[in-house]
S.K.: 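Got a structure for you, questions after.
Note that these values count all heavy atoms, side chains included, but never hydrogens, waters or copies made by symmetry.
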Amino acid sequence: MSSDRIPYPETLVLELTTRKAEGCQCPSPLSLNAPGEPQDLSDEVLEYLNSSLIPYVQRVELKGRGDAILATDLLPQLLESASEFNVPITLETHGLGLNTDEMVDLILASTIDKIFITINAPDEKSHLDVCGCSLDQITEGVQKLQNISQSSDKKAPEIYFKTVATIKNIELLPDIIGYAEKLNINRLIVVPMSISDDPNKESAFRYHRDTAEEVMYRSLIESEMKDFELLT
């Protein structure tokens with residue numbers, strides 16, 4: 001690739017895998033294009049990216065239909081390459097698997113400086129109902145990152161929470177904000193399902209506008225009073 005003819009991208013967006021954690025049924029705006037069987041980025045493609053693109057970009061974003069932390073063979077290779085060239089990384093994850101010591105050490109030793117964690121309910125019971133997976137694991141992972149950062153010279157990445165708005169969880173939004181505050185997270189991004197295959201009409205903004213509007217209005221007022229950053 002010649003930089004005088006085809007400029008290098010400022011941000012390299014990668015989908016390392018389409019795998020999701022076992023039992024995870026969290027709503028996703030990208031579910032329409034998810035393949036039937038989980039797929040990982042090939043070793044050959046990753047090797048090319050590590051050698052020919054990552055040294056020249058300003059940031060790498062790990063996102064997509066799956067969860068990058070489940071790409072257990074590919075992720076360490078990518079993080080090592082990005083660290084070598086001091087390229088900052090944004091990681092999007094459902095948070096399951098963040099609670100292992102190995103993953104926490106891997107993240108803190110890397111150039112990951114922002115983590116976006118999907119939180120679709122504010123407590124274990126409702127999170128199991130909405131997503132089919134444990135919120136306690138996510139809470140434990142966030143606290144481990146924060147505690148190690150506080151007790152050492154390692155700096156934890158900035159953590160953002162992200163909620164996909166459906167009819168199942170839109171009325172839980174004020175409580176999700178409360179959950180975030182308890183973990184000293186002051187940012188929440190509310191994401192619409194509008195580009196997803198949605199045969200059951202679960203999208204809060206598209207099919208349940210009155211409820212979504214009322215809850216968002218209340219949440220915006222509460223957020224402003226608490227100096228909490230609520231984004232869409």
S.K.: Report yes if the side chains of T11 and T90 come closer than 4.5 Å at any heavy-atom pair, otherwise no.
M.R.: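 Side-chain contact under 4.5 Å: no.
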S.K.: Partners of K226 by salt bridge (charged side-chain N to carboxylate O under 4.0 Å, His left out), sequence neighbours excluded?
M.R.: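 Expected list: E181, E222.
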S.K.: How many angstroms lie between atom CD1 of I189 and atom OG1 of T118, to the nearest 0.5 angstrom?
M.R.: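 The CD1 atom of I189 sits 9.5 Å away from the OG1 atom of T118.
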S.K.: Using a 3.5 Å distance criterion without hydrogens, assess whether the side chain of E124 forms a donor-acceptor pair with backbone atoms of L135.
M.R.: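 Between the backbone of L135 and the side chain of E124 there is a qualifying donor-acceptor contact (under 3.5 Å).
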S.K.: Same cluster for V57 and V13 if Ile/Leu/Val/Met/Phe/Trp/Tyr side chains link at under 4.5 Å?
M.R.: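 The answer is no; the residues belong to distinct hydrophobic clusters.
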S.K.: When rounded to the nearest 0.5 angstrom, what is the spacing between CG in L91 and NZ in K63?
M.R.: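 So the CG of L91 and the NZ of K63 are separated by 11.5 Å.
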S.K.: Using a 3.5 Å distance criterion without hydrogens, assess whether the side chain of T18 forms a donor-acceptor pair with backbone atoms of R65.
M.R.: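 Absent.
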S.K.: Indicate if I221 and I170 have the same hydrophobic cluster label, given that clusters are the connected sets of ILVMFWY residues with side-chain heavy-atom separations under 4.5 angstrom.
M.R.: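 No, because I221 and I170 fall into different hydrophobic clusters, even though each may have its own neighbours under 4.5 Å.
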S.K.: Is the CD atom of E158 crowded by more than 12 outside heavy atoms at less than 6.0 Å?
M.R.: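 Yes, because the 6.0 Å sphere around CD of E158 holds more than 12 heavy atoms from other groups.
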S.K.: State the CG-CG distance between L74 and D43, to the nearest 0.5 angstrom.
M.R.: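 The CG atom of D43 is 6.0 Å from CG of L74, to the nearest 0.5 Å.
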S.K.: For residues 174-202, which residue pairs qualify under ring pair (Phe, Tyr, Trp, His ring centres under 6.0 Å), counting only residues two or more places apart or in two chains?
M.R.: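 Non-adjacent pairs meeting ring pair (Phe, Tyr, Trp, His ring centres under 6.0 Å): F161-Y179.
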S.K.: Which atom pair, heavy atoms only, marks the closest approach of L108 to K154?
M.R.: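 Scanning both residues completely, I find the closest heavy atoms to be CB-CD, 4.0 Å.
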S.K.: Using modelled atom types only, decide if a donor and an acceptor are shared between the side chain of T93 and the backbone of G95 within a distance under 3.5 Å.
M.R.: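 Yes, because the side chain of T93 sits within donor-acceptor range (under 3.5 Å) of the backbone of G95.
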S.K.: Establish whether L98 and L128 are linked, either directly or via other cluster members, by ILVMFWY side-chain heavy-atom contacts under 4.5 Å.
M.R.: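 In one cluster with L98: L128, no.
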S.K.: Do any N or O atoms from the side chain of S51 and from the backbone of Y48 form a donor-acceptor pair under 3.5 angstrom?
M.R.: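 Answer holds: yes.
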S.K.: Is there a donor-acceptor pair under 3.5 Å between the side chain of D67 and the backbone N or O of I69?
M.R.: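 At least one qualifying donor-acceptor pair exists.
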S.K.: Quick one: which residue pairs count as a ring pair (Phe, Tyr, Trp, His ring centres under 6.0 Å) with a foot in residues 103-131, not counting sequence neighbours?
M.R.: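 Residue pairs with at least one partner in residues 103-131: F116-Y160.
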S.K.: Go through the steps to decide whether L49 and Q77 satisfy the test side chain to side chain contact (heavy atoms under 4.5 Å, CB included), and finish with yes or no.
M.R.: CA-CA 11 Å; L49 295 173; Q77 298 178 50; over 6 Å; no
S.K.: Hey, is NZ on K201 packed in by over 12 heavy atoms from elsewhere, all under 6.0 Å?
M.R.: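 It does not: K201 NZ has 12 such atoms or fewer within range.
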S.K.: Partners of D101 by salt bridge (charged side-chain N to carboxylate O under 4.0 Å, His left out), sequence neighbours excluded?
M.R.: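 Scan of D101 (salt bridge (charged side-chain N to carboxylate O under 4.0 Å, His left out), adjacent residues dropped) gives K144.
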S.K.: Does a side-chain heavy-atom distance below 4.5 Å link I167 with M193?
M.R.: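 I167 does not reach M193 side chain to side chain.
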S.K.: Is it the case that one hydrophobic cluster holds both V130 and V164, taking links as side-chain heavy atoms less than 4.5 Å apart, direct or via other members?
M.R.: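 No.
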S.K.: Starting from the C-alpha separation in whole Å, work towards a yes-or-no answer on side chain to side chain contact (heavy atoms under 4.5 Å, CB included) for L96 and I138.
M.R.: CA-CA 6 Å; L96 297 170; I138 303 171; 4.2 Å; yes
S.K.: Any non-hydrogen side-chain atom of T111 less than 4.5 Å from a side-chain atom of L79?
M.R.: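 Sidechains of L79 and T111: no contact.
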S.K.: How long is the span from the OG1 atom in T232 to the CG atom in L188, to the nearest 0.5 Å?
M.R.: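 That separation rounds to 10.5 Å.
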S.K.: For I89 and S110, run side chain to side chain contact (heavy atoms under 4.5 Å, CB included): C-alpha distance rounded to whole Å, both residues' side-chain angles, the deciding distance at 0.1 Å, then the answer.
M.R.: CA-CA 8 Å; I89 296 176; S110 73; 5.6 Å; no
S.K.: To the nearest 0.5 angstrom, please state how far the CG atom of L14 sits from the CG atom of L46.
M.R.: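 Going from the CG atom of L14 to the CG atom of L46 covers 8.0 Å.
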S.K.: What do you reckon, is CZ of R218 surrounded by more than 12 foreign heavy atoms closer than 6.0 Å?
M.R.: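 Result for CZ/R218: enclosed.
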S.K.: For residues I115 and V142, determine if any side-chain heavy atom of one lies less than 4.5 Å from a side-chain heavy atom of the other.
M.R.: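 The answer is no, as the side chains (C-beta and beyond) never meet within the 4.5 Å cut-off.
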S.K.: When you measure from the side chain of E202 to the backbone of D198, do you find a donor-acceptor pair of N or O atoms at a distance under 3.5 Å?
M.R.: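 Side chain of E202 to backbone of D198: no pair is present.
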S.K.: Could you measure the distance from the CG atom of N99 to the CD atom of E140? Nearest 0.5 Å is fine.
M.R.: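 Answer for the CG-CD pair, N99 versus E140, is 4.5 Å.
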S.K.: Can you find a pair of side-chain heavy atoms, one from D40 and one from D73, that are under 4.5 Å apart?
M.R.: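 Of all side-chain heavy-atom pairs linking D73 with D40, none is under 4.5 Å.
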S.K.: Does the side chain of S28 reach to within under 4.5 Å of the side chain of K20, using non-hydrogen atoms?
M.R.: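 In short, these two side chains touch, coming nearer than 4.5 Å.
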S.K.: If I compare all heavy atoms of A82 with all of I54, which pair ends up nearest, and what's the gap?
M.R.: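 Minimum heavy-atom contact is CA-CG2, 4.0 Å.
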S.K.: In terms of hydrophobic clusters joined by side-chain contacts under 4.5 Å, are L145 and I112 together?
M.R.: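 Yes, L145 and I112 fall within the same hydrophobic cluster.
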S.K.: Where the side chain of N169 meets the backbone of L172, is there a donor-acceptor pair that is under 3.5 Å apart?
M.R.: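 Flag not set: sc N169 to bb L172 has no pair under 3.5 Å.
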S.K.: Do you know the tightest heavy-atom contact between C26 and N120?
M.R.: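 Looking at all heavy atoms of both residues, the closest pair is CB-ND2, 3.7 Å.
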S.K.: For the backbone of L183 and the side chain of Q146, can you confirm whether one donor and one acceptor N or O come within less than 3.5 Å of each other?
M.R.: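 Side chain of Q146 to backbone of L183: a pair is present.
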S.K.: Report yes or no: does D175 contribute a side-chain atom to a donor-acceptor pair with the main-chain N or O of P122 at less than 3.5 Å?
M.R.: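 A pair under 3.5 Å: no.
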S.K.: Do S223 and E229 have side-chain atoms, one donor and one acceptor, less than 3.5 Å apart?
M.R.: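 Not at all, the side chains of S223 and E229 share no donor-acceptor pair under 3.5 Å.
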S.K.: What residues, two or more places apart in sequence or in another chain, satisfy ring pair (Phe, Tyr, Trp, His ring centres under 6.0 Å) together with Y56?
M.R.: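 By the ring pair (Phe, Tyr, Trp, His ring centres under 6.0 Å) rule, Y56 matches Y8.
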S.K.: So does E213 have more than 12 non-hydrogen atoms from other groups sitting under 6.0 Å from CD?
M.R.: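 Atom CD in E213 is not crowded, with 12 or fewer foreign heavy atoms closer than 6.0 Å.
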S.K.: Side-chain contact, heavy-atom cut-off 4.5 Å: E171 with T211?
M.R.: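 They are in side-chain contact.
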S.K.: Please, which pairs that meet ring pair (Phe, Tyr, Trp, His ring centres under 6.0 Å) have at least one residue in residues 191-230, sequence neighbours excluded?
M.R.: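 Pairs touching residues 191-230 that pass the test: none.
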